[in-house]
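Worksheet for the structure shown next.
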Amino acid sequence: MAAELSKVVGATVPDKPVAWNKRDLLTYAVGVGAKNDEFPFIYELDPNFAALPTYPVVLALKGDGQDVNNFAEAVKGRPIPGLPKLDPNRVVHATQSIEIVKQLPTVSGPGWKWTGRYTGVVENKSGLILTMENQLVSPSGEVYARLYSSSFNLGAKVTGEKFAKVIAGPPQGKPVPKDRAPDHVVEEQTTPEQAIVFRLSGDYNPLHIDPRIGKAAGFGGVILHGLSTFGFAGRAVLKTVGGGDPASVKFFGVRFTSPVKPGDKLQTNIWEIGPGPNGTTEVAFETKNLNTGKVVLGSGIAYVVKKGGAKL
């Protein structure tokens, strides 16, 4: 069984066509809380108009369409070598990271693709953790973004024993310093309509709009997309450490640790740790839900070209 499970690592998924336009970038920006003074992200005529650096995370579900999609169809994949059929209702988004290799154009045009391969599988007593590497590739074959995400498949079993095989993954965040206060603290209020707006970027999972689904799943109602919270934290790091420059964030990653409900208040605590690769500053951060007191994004890590500028 271990030999079968090892087949997961290196398995690829079919390339997917993806596309976006300026309206998509504007929609994403307000879905992750952009405010009326963040002109490079909310106003298409701003001379510095650009995509928020975290935007590519939504392309896996959005694809190249402009209309709504059927979530069940969007997440339906081919069988994974070495794995039994997994229950999609018992899958939790565990981690997400993005490396911005090149800054996105504001309109894609045709010919862009989303590639994917599995780079890790871990089995423990609680279930299976799968890690996937995705790349956003231009029509000319240039990689613009490299992303890693892991999913926790609750209760899934293959070998019935501990097993781990990993061939690639993102940089890991350092623990946030306990001996000093954060260098930056950003508080932001999500709205009761936050998930209604964010879903327009491509994730139409009914869990994020239909209270009946959320109650049946044990969340007591609708919860906010984890990738919306991810974007809130990304904006906080961008504006404080990166001075609001969309090209300043080179890498951004988190672990999802607790749900957020639309209307909850978020607090992102940010520490500048020291030098990062290629002239960046390494940042550690965590995001708390001030309504519950729980950390909702942990193990936060970012590499940012530090610049002066207004703080949130």
Side-chain angles (χ1 to χ4, degrees), residues 4-20 51-64 74-83 86 88 91-104 108 111-124 127-153 156 158 163-173 202-203 225-227 230-231 234 249-256 276-278 280 282 297-303:
E4 286 295 305
L5 192 53
S6 69
K7 292 180 181 179
V8 173
V9 178
T12 60
V13 298
D15 293 349
K16 183 175 186 176
V18 294
W20 64 92
L52 278 164
T54 51
Y55 173 73
V57 297
V58 303
L59 291 172
L61 290 178
K62 180 191 175 298
D64 61 352
V75 298
K76 184 185 294 184
R78 295 183 178 182
I80 304 170
L83 287 186
L86 300 174
V91 178
V92 176
H93 197 168
T95 67
Q96 180 69 59
S97 71
I98 178 169
E99 176 192 358
I100 299 92
V101 181
K102 297 187 69 174
Q103 197 170 1
L104 289 189
S108 65
W112 290 72
K113 64 182 180 181
W114 185 262
T115 70
R117 66 171 182 146
Y118 289 96
T119 62
V121 59
V122 175
E123 180 174 349
N124 58 36
L128 285 175
I129 302 170
L130 298 176
T131 300
M132 175 167 275
E133 177 191 76
N134 296 105
Q135 295 190 137
L136 175 60
V137 183
S138 75
S140 63
E142 293 180 281
V143 175
Y144 272 66
R146 183 174 295 106
L147 305 92
Y148 287 97
S149 61
S150 63
S151 58
F152 185 35
N153 298 262
V158 178
F163 179 90
K165 182 179 180 181
V166 179
I167 59 171
Q172 298 300 300
D203 185 346
H225 305 71
L227 288 180
F230 180 89
V249 177
K250 303 301 183 182
F251 178 86
F252 188 82
V254 306
R255 179 177 299 279
F256 299 103
N278 302 314
T280 61
E282 182 174 350
L297 300 178
S299 304
I301 176 174
Y303 298 141

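Model, not experiment: these values are computed from the prediction.
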Relative to the ring of Y303, is the ring of F251 parallel (under 30°), tilted (30 to 60°) or perpendicular (over 60°)? tilted

How are the rings of F256 and F230 set relative to one another: parallel (under 30°), tilted (30 to 60°) or perpendicular (over 60°)? tilted

The criterion is side-chain contact (heavy atoms from CB on, under 4.5 Å); which residues satisfy it with Q135, sequence neighbours excluded? T115, V137, V143, R146

Could you state the interatomic distance from [atom1] ([X]) to [atom2] ([Y]), rounded to the nearest 0.5 Å?
X	Y	atom1	atom2	result
T119	L130	OG1	CG	10.0 Å
H225	H93	NE2	NE2	12.0 Å
K62	W114	NZ	CH2	12.0 Å
N124	I129	CG	CD1	5.0 Å
I98	Y148	CD1	OH	13.0 Å
L52	F252	CG	CZ	11.0 Å

Residues at least two apart in sequence or cross-chain that pass salt bridge (Lys or Arg N to Asp or Glu O under 4.0 Å) with K113, listed by chain then number, are D15

Backbone of [Y] reached by a side-chain donor or acceptor of [X] within 3.5 Å:
X	Y	value
Q96	A94	no
E123	V158	yes
S108	W20	yes

Residue pair [X] / [Y]: nearest heavy atoms and the distance that separates them:
X	Y	result
T95	S150	OG1-OG, 2.5 Å
V91	S151	CG1-CB, 3.8 Å
S299	R255	OG-NE, 4.0 Å
L61	A74	CD2-CB, 4.0 Å
T131	A168	CG2-O, 4.5 Å
V249	I100	O-CD1, 3.5 Å

Kindly indicate, with the supporting measurements, whether the criterion side-chain contact (heavy atoms from CB on, under 4.5 Å) is fulfilled by N134 and L59. CA-CA 10 Å; N134 296 105; L59 291 172; over 6 Å; no

Can you list the residues that meet the side-chain hydrogen bond (donor to acceptor under 3.5 Å, both in side chains) rule with Y144, with sequence neighbours excluded? none

If we only count heavy atoms from C-beta on, is the [X] to [Y] side-chain gap below 4.5 Å?
X	Y	answer
L86	L128	yes
K250	N278	no
E282	I301	yes

Please lay out, stage by stage, how D64 and W112 fare under the test side-chain contact (heavy atoms from CB on, under 4.5 Å). CA-CA 9 Å; D64 61 352; W112 290 72; over 6 Å; no

